[in-house]
Each structure stands twice: as C-alpha cells, then as structure tokens.
Amino acid sequence: MAAKIIDGKGIAGDIREEVRVAAQELAERHVVPGLATVLVGDDPASATYVRSKQRACEKAGIQSRDIRLEASIEESELLSTVSELNADPEIDGILVQLPLPSHMDPQRVILTIDPAKDVDGFHPVNLGKLLSGEETFYPCTPHGIIVLLERAGVTVEGRHVVIVGRSNIVGKPLAALLMQKRAGANATVTVCHSRTANLAEHTRRADILVAAAGQRAFVTEDMVGEGAVVVDVGINRVEDPEAKKGYRLVGDVDYEPAAAKASMITPVPGGVGPMTIAMLLQNTVHSARNRANG
Ligand code: GUN
C-alpha cells in the first residue's frame, strides 16, 4: 500500500490566506499586526528560517521587524532588546530564534519576553496555561501538527499517538495538547525518547507516529506499524552535490520504506515545516486582535 502524502504546504497556504484576510480587517481598524524577529549570530539554517518567516509575514500583511545581533554580544544586550520590544506598541509578537550562542541562557531570554507577545508559546506562563487546558499562544510546531492532522481528515480522538522526542519545543507541548479533554484532542499519548527501552515495540503500536528526534533516518521501517499515520517533524540537511544549494532537506523518518507501510505520511520538505510558519502568523494576528480589542 502506498501512503497518501499529507500536503502541509497546501494546507498551510489555506491558513496563510485566512490570516491575510484577518490581518487586512485589523489594518482597516488601524491596527497593523507586527512581528519582531531576533536573530543572534549567523547560523545559516537559522538565518534561512527567519527569512522564511519574514517573507510569510509580508505576504500576509504583517509588518516584520528584522533585528540581527552579533553572536559575541553579552546576554544583557539581548535582554535589553527584548525589553524594548515588549514596550513597543507596534510589535504584537516577539520571536527570538533558537538556538542561541552557548554563552546565553535561552530560558532567561524566554522569561524576559512579555507572555502577551510570546507568539512562539515558549514562555512558562503560556506553557502552564497550555498544560491546564486554557486558551493561549500554543507553540507553533505542535499546534501546526494538530491542525495539519485535523485538516487532512485524521482524527486524534481516542487514538494512540506515539511521539518520539521530548523537546520543550515539540515533544512535550505536543503531548500536553493531545491529551487535553476537549474536541480535537482526547488522544492517548505515549512519549518515547533516547532512553526508551524497546523503542520499536512502542512505536509499532501507534495509530499516529510523530518523529521529532532531530536525527536523520531515526525512525526506520521496522518501527512503523502497518497502516499508521506518520508525521515527520525533522529538518536535517544532507550534502547533495547535485542540489542547487549543495544540500537537501530530509526528515527524521527513513521515508521510502516507511511510506510503503504507512497509510498517510507528511513529506519533508512540505509537511510540518510550512505549518509552523502558518501558526506563527496566526498567533501574531491573534495578538494584534487582542491589542485592537484593548
Ligand atoms: N528554532 C527552531 N524552531 C524554532 C521555533 O519555532 N521558534 C524559535 N524561536 N526558534 C526555533
């Protein structure tokens, strides 16, 4: 059986159009949504992600402010920049691209962001609200995965979702969102990680298998149950002399053999990645709407 490919790019495109319409309505009320992106250092992958986010903002009618800081600056300088953005009435969302240089503490930086402008959903106040089932800014990748499944016609209610990876950005918040007692959630969740014994035994039992391990080909064919829905969150660069840029992107799933067993699968690129950006835009417009409604 060949798996149906879940079109993340197309679904994200629909959401971006919805966001554009919402942003236009706000602009007519003289509230132009604004997102500040902060990039510290010049990591090429991070620079590419930030550029994609800014371009998506432009197309959606969200003003983006591009802040770039040298990798060598003191952490205190970054904290001051964030505080200024907190106080800036034109900025609805603040995104500090991670990872940060090793001499900085990402948690301290995240704590400095005003939770009302935390469109990444990384602030402990927002993560706490998420865990207790309150509406708030949800982290973009896990929220994007849930919306992607929903719009692709995959029900999570009552089904067994196995997540491989326990990061603060994906695994942990995704588990918390999926287990909530509400429509569109109500899943049974297993979280596996690098110390899980007999990993394949767990993953093979998944109705929906989410690969968020951060390692190429981590999820192999023997780990996928017949007919499972496979969601690949990985973005790994592999050298490819034939590619224009000298590399291509692959996920965390050994794609071809896994796709032969799965009923549905998300591709890389064009799966979860575009959804992350769509959710960021949605959060930013949501924040601007909060500003407009005082
Ligand atoms: N680095 C990798 N993913 C993300 C993300 O969603 N937000 C931020 N700020 N940094 C990231």
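We number each residue from 1, following the sequence as shown. Each ligand, and each atom within it, is numbered from 1 in the order the structure gives.
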Heavy atom of the protein closest to atom 10 (N) of ligand 1 (residue, atom name, distance)
Leu98 N, 3.0 Å
Can you pull out the closest protein heavy atom to atom 11 (C) of ligand 1? Residue, atom name and distance to 0.1 Å, please.
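Scanning the protein heavy atoms, the shortest distance from atom 11 (C) of ligand 1 goes to Gln97 NE2, 3.4 Å.
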Point-to-point distance, once rounded to the nearest 0.5 Å, from CZ of Arg237 to CD of Glu239:
11.5 Å
Once rounded to the nearest 0.5 Å, what's the spacing between atom CD1 of Ile62 and atom CG of Leu35?
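That separation rounds to 7.0 Å.
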Pick out which of Val164, Val231, Thr203 makes a side chain to side chain contact (heavy atoms under 4.5 Å, CB included) with Val210.
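Between Val210 and the candidates, side chain to side chain contact (heavy atoms under 4.5 Å, CB included) is satisfied uniquely by Val231.
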Option whose closest heavy atom lies nearest to atom 5 (C) of ligand 1, chosen from Val119, Asp120, Ile277:
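Considering heavy atoms of Val119, Asp120, Ile277, the nearest to atom 5 (C) of ligand 1 sits in Asp120.
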Is Arg68 salt-bridged to Asp66, cutoff N-O under 4.0 Å?
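Looking at Arg68 and Asp66, the cut-off is met.
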Inspect the contact between Arg20 and Glu17 and indicate whether a charged nitrogen and a carboxylate oxygen are less than 4.0 angstrom apart.
yes
Numbered atoms and elements of ligand 1 in range of Leu95, under 4.0 angstrom, heavy atoms
9 (N)
Kindly confirm or rule out an N or O of Val96 lying under 3.5 angstrom from an N or O of ligand 1.
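Indeed, backbone or side chain, Val96 has an N or O that close.
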For Phe122 and ligand 1, answer yes if some heavy atom of the residue is under 4.0 Å from a ligand atom, otherwise no.
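Yes, Phe122 has heavy atoms under 4.0 Å from ligand 1.
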